[in-house]
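Report on the following structure.
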Amino acid sequence: MTRHNHLGTIYLAVILSATFTAAVVTSSENEDEYLTQKEIILEKSYHGLIRENETFVEITPLIKVDEEKICNFHILKKPYHEIPFEIELVNNLGILKARRTLNCEKRKSYHFEIVAIYCDGTPSNTANVHITVIDINEYAPTFLEPSYVTEVDEGRLYNEILRVEATDKDCTPLFGDVCKYEILNNDEPFAIDNEGSIKNTEPLSHRASHNHILSVVAYDCAMKESAAIMVSIKVRRVCEAKFLGMPERIDYTVHIHTYIYSSTQDRKNTSAS
Ligand SMILES: [Ca+2]
Ligand SMILES: [Ca+2]
């Protein structure tokens with residue numbers, strides 16, 4: 001082998017080696033790029049809001065994908081976890097919908113995972129989805145009792161005659177807490193506070209009215225009104241003799257005692273004599 005030929009062989013080997021190395025580097029870069037692309041298909045997590053009477057989920061941020069690469073979505077289901085949602089690909093967006101109307105009184109939020117499916121069938125990275133069910137005011141308050149009856153003495157001012165109570169089935173404080181009670185009769189001497197406590201605003205008279213019948217309603221904090229219930233307040237007559245009678249009875253007992261005592265003494269004296 002001449003010296004020239006030997007140099008030529010070395011030169012060829014160097015070129016081949018460089019080409020091979022370049023090819024390996026390019027292939028590895030492509031793979032990295034492919035993996036990176038896979039990883040950024042979905043965000044780490046998405047937050048959804050859905051109103052109780054609707055099925056469309058308003059999602060933030062939007063689940064944006066490239067329809068040339070992505071052909072579908074899947075919700076990853078866990079055993080025994082009901083996920084009443086479905087997701088479909090529409091115009092490069094993942095659209096989440098509830099399969100039925102939801103009820104925040106039963107469940108206020110849902111959490112599950114989704115993946116995008118590449119057109120070759122392989123899945124993308126997974127993303128968390130948190131969905132909150134927004135309350136709507138579908139319930140009016142209802143009273144614990146269908147009606148209330150009580151009795152009071154005439155001539156007295158009470159701090160509280162009785163307390164009525166209503167509850168509301170909605171799941172948020174605005175729609176589900178009872179904020180106010182009201183007596184609908186304008187001409188009755190009673191007041192009710194926001195806790196449902198009823199008192200009289202002037203002493204009652206049995207002679208003027210034996211029984212006051214009030215119509216009472218409750219409101220939730222968004223002022224949705226309940227059906228009215230009846231509160232019946234009977235006025236007990238307070239007999240004046242009741243108070244005057246007490247000392248008389250004591251006197252009477254003392255007299256009897258004195259009578260018995262003196263009779264016994266008399267009998268003793270008689271038998272002794
Ligand atoms: Ca509700
Ligand atoms: Ca309500």
Side-chain angles (χ1 to χ4, degrees), residues 45-63 73 75-78 80-88 90 93-114 127-150 160-186 188 190-199 212-233:
S45 63
Y46 297 91
H47 289 265
L49 295 174
I50 179 167
R51 287 166 65 82
E52 276 186 315
N53 59 343
E54 291 174 5
T55 54
F56 177 76
V57 179
E58 197 185 312
I59 198 108
T60 313
L62 292 173
I63 307 173
F73 288 99
I75 291 177
L76 301 178
K77 302 202 167 154
K78 289 178 192 160
Y80 310 113
H81 271 240
E82 197 226 351
I83 302 168
F85 295 94
E86 58 194 15
I87 182 167
E88 55 178 3
V90 181
L93 291 176
I95 303 295
L96 263 168
K97 281 183 185 169
R99 291 200 305 272
R100 54 176 171 80
T101 53
L102 303 175
N103 192 341
C104 87
E105 286 76 43
K106 282 193 180 153
R107 192 163 168 187
K108 287 180 184 169
S109 66
Y110 293 84
H111 171 229
F112 52 88
E113 289 177 331
I114 55 167
N128 287 301
V129 179
H130 295 270
I131 293 182
T132 305
V133 184
I134 301 173
D135 194 19
I136 60 162
N137 201 358
E138 71 234 269
Y139 297 101
T142 50
F143 283 88
L144 301 189
E145 306 288 337
S147 64
Y148 293 79
V149 180
T150 192
E160 179 176 304
I161 289 173
L162 89 157
R163 185 179 289 258
V164 296
E165 191 182 347
T167 56
D168 188 299
K169 281 198 261 176
D170 285 302
C171 73
T172 51
L174 177 63
F175 299 145
D177 285 356
V178 173
C179 266
K180 185 185 161 189
Y181 293 88
E182 189 181 7
I183 295 170
L184 298 179
N185 321 56
N186 293 322
E188 292 285 352
F190 296 92
I192 189 166
D193 69 11
N194 291 341
E195 308 300 318
S197 172
I198 296 174
K199 63 178 181 178
H212 295 268
I213 297 189
L214 310 179
S215 187
V216 175
V217 291
Y219 299 87
D220 66 23
C221 298
M223 291 300 114
K224 195 178 181 100
E225 188 178 336
S226 74
I229 50 142
M230 292 295 148
V231 175
S232 171
I233 299 168

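In this text the structure is predicted, and so the values were computed from the model without any measurement. Numbering of ligands and ligand atoms starts at 1, following listing order.
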May I ask you to check whether over 12 heavy atoms, not counting those of K224, lie within 6.0 Å of atom NZ? yes

Flag yes if more than 12 heavy atoms outside E58 fall under 6.0 Å of its CD atom; otherwise flag no. no

Any salt bridge linking E82 with R100? Criterion: basic side-chain nitrogen under 4.0 Å from a carboxylate oxygen. yes

To the nearest 0.5 Å, what is the distance between CZ on F175 and CG on D220? 8.0 Å

Among residues at least two apart in sequence or on other chains, which ones pass side chain to side chain donor-acceptor pair (under 3.5 Å) with D170? none

Vertex the Ca ion (ligand 1), rays to OE2 in E105 and OD1 in D135 - rounded to 10°: 90°

The OE1(E52)-the Ca ion (ligand 1)-O(I136) angle, to 10°, is 80°

Check the orientation of F85 and Y110. Use parallel for under 30°, tilted for 30 to 60°, and perpendicular for over 60°. perpendicular

What is the ring orientation for Y148 with F143, classed by angle as parallel under 30°, tilted 30 to 60°, or perpendicular over 60°? perpendicular

Counting no waters, what protein N/O/S atoms lie under 3.0 Å from the Ca ion (ligand 2)? N137 OD1, Y139 O, D168 OD1, D168 OD2, D170 OD2, F175 O, D220 OD2

